[in-house]
Amino acid sequence: MNSIRVRFAPSPTGSLHIGGARTALFNWLFARRNEGRFILRIDDTDLERSTEKSYHEILDALRWLGLEWDEGPYLQSQRLERYRRAALELLNSGRAYLCYCTPEELAARRKAAQASGRAPMYDRRCRYLTPEERSRLEDEGRQPAIRLAIPDSGTTVVRDLIRGEVSFENSTIDDFIIMKSNGIPTYNFATVIDDYDMQITHVIRAEEHLSNTPKQILVFEALGYELPYFAHVPMILAPDRSKLSKRHGATSVEEYRDAGYLPEAIINYLALLGWSPEGEEEILPLEKIISSFSLEKVSKNAAIYDIKKLTWMNGHYLRETDLDRITEMAIPFLQKKGFIAEPLAPESYAYVRRVVGVVRDRVKTLEEIADAASYFFQEITSYEEKGINKYFTRPDVADLLERCRERLAEVEEFSAQNTEAAYRALSEELGVPTGQLFHPTRLAVSGRTMGPGLFDILEILGKERVLERLKKAANYVRKITG
RNA sequence: GGCCCGUUAGUCAAGUGGUUAAGACACCGGUCUUUCAAGCCGGUAACAGGGGUUCGAAUCCCCUACGGGUCACCA
């Protein structure tokens, strides 16, 4: 059958970029939506820049995002023989020719052309070489590259599923190199052979490739291959409208993972960059995204990457996702701070889970969960300055803390409910507003002025630690208020 | 510079000739409350500019401006 096949073809020259992830996502969604196959191909023909490390990083990032591929990864570096055969075929049919110009010569001519205001195109001087000229150049020891002979008239039309028909005059297209002199194919050539061999039906990629597409179409045609459908998705830009790069902060998927973002949040956010579903809902479960995804709803204009919205969404998923899953994901962050052992003792899991359960409501990343949970794992070494000034400056606070401590000592079952009841009763007896008890207590047991519900904190810390911390705080207040 | 794509609030976006021009993030206010969040309620804020076409243009056409992409023996 004519089933749909799409591919994601990154070059392993760095970790998976946010833009790359979005391209992968759209391909993946399109495949899932249409019961097609999602193929992973690694475009590693740039021997200098490709690295094994990047290769693994990209695969890891895709897996972490949940963008599993159905086939591959195929490596272009293992298909060199195939490209050579195809190039030879074009040479034999006269659709391509050998070019003996050296990179240095070309660069010099390009520079000269630009300086005199002419288009920096290849002058085709090797296109019509006589046999004599050719053998002379070969005698000089020159290794030829292979160029595609572009028709000098006519237009090439890209039929794009997102942008409609885009035409290019053939006269503006260079006789570009398809095989470098070292026998390695260039991108615009290898891509075509691969897309054909892998029976790709839809080439979905970033808009930066739109101007490459007529070149590729010309290769398809020269080889007599049927064209796939093309769909160029808009670029993702930085807030200053320039291309997203390092200087704009985190740009790779793994940086977001390490900063405590959830894959579901990244997926949801990225899906909404350049695509929108029918309804008004923006928090969308993956199933919903898949079932409503279509290329027709992909927008044409570039989108600016808004980390604030991503972060908001991350906070949402942090709160709404199953607590065990969030706990599992938070554990490495707690370990990194040395709060819990690595590996975590199984009997400690329940405690960690309770902590995560109360802390996650008020933060936006896993990293922040760890930041907000310190006092559940470590003794308090200092009190927030703002809190000291606000709650620890009056001498009677020490006495109040003592009274609280005494009362809590009497609580048998140390539950949030019971401790709260004890506090409210005490407040009434002393004729003191609840706040005057709650705030100093919070500062005493957590060292902070804000956080989860006070009585949840008390319950999780447990009677012993709470009494201890109240004692310590009372002493501290006495000391500073003299 | 040539070629190509694009332009609805600060940002993402709905919208395909007649709408009070959705919704979301951010921002501001209110509410709830033991704090901080979250939640809920409300608010500020947009069709790049100019010409056409039309009874009527965010929607169609042209020009200008601005932004982006691409012009490598990188992908």
Side-chain angles (χ1 to χ4, degrees), chain A residues 9-13 43-46 48-50 76 99 101-103 106-107 110 114 117-121 143-147 158 160 162-164 166-169 171-174 176-188 190-191 206-215 232 234-235 237 239 241-243 269 272-283 297 299-313 315-316 319 360-364 372 387 391 420 423-424 427 433-439 441-443 446 448-455:
Chain A
S11 62
T13 53
D43 285 5
D44 58 347
T45 53
D46 185 346
E48 274 86 58
R49 296 195 306 151
S50 297
Q76 288 191 326
C99 171
C101 302
T102 65
L106 292 167
R110 197 160 32 236
Q114 267 170 329
R118 283 175 290 123
M121 283 179 71
Q143 287 293 315
I146 303 176
R147 287 183 186 271
V158 178
D160 190 282
I162 294 169
R163 332 195 83 90
V166 184
S167 350
F168 296 83
E169 292 298 323
S171 60
T172 65
I173 302 173
D174 224 2
F176 63 100
I177 289 173
I178 58 175
M179 287 292 265
K180 306 178 209 173
S181 55
N182 64 2
I184 306 290
T186 58
Y187 163 75
N188 283 129
T191 291
E207 195 195 338
E208 56 186 320
H209 290 291
L210 184 55
S211 357
N212 281 141
T213 307
K215 294 182 181 178
H232 288 91
M235 306 275 298
L237 268 26
R241 302 208 135 267
S242 68
K243 216 168 168 177
Y269 176 69
L272 260 25
L273 260 197
W275 172 80
S276 61
E278 293 287 341
E280 290 184 350
E281 274 305 304
E282 299 217 333
I283 297 286
K297 295 283 288 178
S299 72
K300 295 179 176 60
N301 43 323
I304 289 171
Y305 182 71
D306 180 9
I307 194 170
K308 277 191 169 172
K309 186 156 181 178
L310 199 213
T311 304
W312 162 77
M313 208 169 250
H316 175 88
R319 257 170 268 125
R360 67 164 169 174
D361 284 348
R362 33 202 41 89
V363 298
K364 291 191 164 72
Y391 307 121
E420 178 164 3
Y423 262 77
R424 293 204 182 275
S427 134
T434 53
Q436 283 192 34
L437 262 31
F438 292 172
H439 297 307
T441 301
R442 172 186 297 283
L443 188 58
S446 73
R448 312 189 187 200
T449 56
M450 50 191 173
L454 176 59
F455 303 103

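All chains are named by letter (A, B, ...) in the order of the sequence lines, taking the proteins before the strands, and each is independently numbered beginning at 1.
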Review point. If the sugar-phosphate is the primed atoms plus P, OP1 and OP2 and the base is the rest, what is the B/S/- string for nucleotides 31-41 of chain B, using protein heavy atoms under 4.0 Å?
Key: ---BBBBS---
Review point. Can you check whether Ser276(A) has a side-chain N or O nearer than 4.0 Å to OP1 or OP2 of A14(B)?
Key: yes
Check your understanding: What is the base-pairing partner of U59(B), counting Watson-Crick and G-U wobble geometry with both distances under 3.5 Å?
Key -> none
Review point. Over how many whole Å does the gap from Glu281(A) atom CD to A14(B) atom P extend?
Key: 16 Å
Check your understanding: Roughly how far apart, to the nearest Å, are A22(B) and U54(B) at atom P?
Key -> 30 Å
Point to revise | Contacts of type ring pair (Phe, Tyr, Trp, His ring centres under 6.0 Å), residue Phe176(A), not counting sequence neighbours | key: none
**Study point:** Partner set under salt bridge (charged side-chain N to carboxylate O under 4.0 Å, His left out) for Lys180(A), not counting sequence neighbours
**Key:** none
Check your understanding: Across all strands shown, which nucleotide pairs with C25(B) by Watson-Crick or G-U wobble geometry, both distances under 3.5 Å?
Key -> G10(B)
Exercise for review: Answer yes or no: does a side-chain N or O of Asn301(A) lie under 4.0 Å from OP1 or OP2 of U8(B)?
Suggested key: yes
Study note, to complete from the structure: Quick tally for nucleotides 67-75 of chain B: nucleotides whose base has a protein heavy atom under 4.0 Å get B, sugar-phosphate-only ones S, the rest -, giving SSBS-SBBB
Practice item. Would you kindly compare Leu310(A) and Leu273(A) by the position of their nearest RNA chain B nucleotide and give the one closer to the 5′ end? Key: Leu273(A)
Practice item. Give every residue pair that meets the salt bridge (charged side-chain N to carboxylate O under 4.0 Å, His left out) criterion with at least one member in residues 206-215 of chain A, sequence neighbours excluded. Key: Arg163(A)-Glu207(A), Glu208(A)-Lys243(A)
Practice item. Determine which nucleotide pairs with U16(B), using a 3.5 Å limit on both distances of a Watson-Crick or G-U wobble pair. Key: none
Check your understanding: Rounded to whole angstroms, how far apart are CG on Leu272(A) and P on A24(B)?
Key -> 13 Å
Review point. Expressed in whole Å, how much space separates the P atoms belonging to C63(B) and G69(B)?
Key: 24 Å
**Study point:** Rounded distance (nearest 0.5 Å) linking atom CG of Asp46(A) with atom OG1 of Thr186(A)
**Key:** 11.5 Å
Check your understanding: When rounded to the nearest 0.5 angstrom, what distance separates CD1 in Ile146(A) from CE in Met179(A)?
Key -> 5.5 Å
Point to revise | Integer angstrom distance from the P of C60(B) to that of C5(B) | key: 15 Å
Check your understanding: How far does the P atom of G29(B) sit from the matching atom of C36(B), given to the nearest Å?
Key -> 14 Å
**Study point:** Atom-to-atom span, NZ of Lys300(A) to C1' of C4(B) - whole angstrom
**Key:** 15 Å
Exercise for review: Provide the distance between the two C1' atoms, one in G15(B) and one in U8(B), to the nearest whole Å.
Suggested key: 9 Å
Study note, to complete from the structure: Ile307(A) atom CD1 is separated from C12(B) atom C1', nearest whole Å, by 15 Å
Review point. Is there a side-chain contact (heavy atoms from CB on, under 4.5 Å) between His232(A) and Val166(A) once you walk through the steps?
Key: CA-CA 11 Å; His232(A) 288 91; Val166(A) 184; over 6 Å; no
Check your understanding: Which one, C12(B), G6(B), C3(B), comes nearest to the side chain of Phe168(A)?
Key -> C3(B)
**Study point:** salt bridge (charged side-chain N to carboxylate O under 4.0 Å, His left out) involving Asp160(A) - partner list, sequence neighbours excluded
**Key:** none
Check your understanding: Who passes salt bridge (charged side-chain N to carboxylate O under 4.0 Å, His left out) against Asp306(A), sequence neighbours left out?
Key -> none
Check your understanding: Once you round it to whole Å, what is the distance between P of C25(B) and CD1 of Ile304(A)?
Key -> 19 Å
Check your understanding: Excluding sequence neighbours, so at least two apart, what forms side-chain contact (heavy atoms from CB on, under 4.5 Å) with Asp174(A)?
Key -> Met121(A), Tyr122(A)
Check your understanding: Paired with U70(B) by Watson-Crick or G-U wobble geometry, both distances under 3.5 Å: which nucleotide is it?
Key -> G2(B)
Review point. With respect to the side chain of Lys309(A), which nucleotide from A24(B), A26(B), A13(B) is positioned closest?
Key: A24(B)
Check your understanding: If the P atom of U64(B) is compared with that of C3(B), how far apart are they to the nearest Å?
Key -> 12 Å
Review point. Base, sugar-phosphate alone, or nothing: which one does Ser299(A) contact when heavy atoms must sit under 4.0 Å apart?
Key: sugar-phosphate
Close N or O pairs between protein and nucleotides 44-50 of chain B (under 3.5 Å):
none

Revision key, fill the gap. To the nearest 0.5 Å, atom CD1 of Ile184(A) lies from atom CD1 of Ile177(A) at 13.5 Å
Check your understanding: Do Phe438(A) and Tyr391(A) pass the ring-ring contact (aromatic ring centres under 6.0 Å, His included) test, and can you show the C-alpha distance, the side-chain angles, and the key distance before you say yes or no?
Key -> CA-CA 10 Å; Phe438(A) 292 172; Tyr391(A) 307 121; over 10 Å; no
Practice item. Output all residues satisfying side-chain contact (heavy atoms from CB on, under 4.5 Å) with Ser171(A), sequence neighbours left out; order by chain, then residue number. Key: Glu169(A)
Exercise for review: Not counting sequence neighbours, which residues clear side chain to side chain donor-acceptor pair (under 3.5 Å) with Ser211(A)? List them please.
Suggested key: none
**Study point:** For G39(B), the Watson-Crick or wobble counterpart (both distances under 3.5 Å)
**Key:** U31(B)
Exercise for review: Please state the P separation for the pair G67(B) and A48(B) - nearest whole angstrom.
Suggested key: 16 Å
Practice item. Taking atom P in both A24(B) and G39(B), compute the distance separating them and give it to the nearest angstrom. Key: 11 Å
Review point. Of all residues at least two apart in sequence or in a different chain, which pass the ring pair (Phe, Tyr, Trp, His ring centres under 6.0 Å) check with His209(A)?
Key: Tyr187(A)
Review point. Nearest-Å distance, CD (Glu169(A)) to C1' (C5(B))?
Key: 17 Å
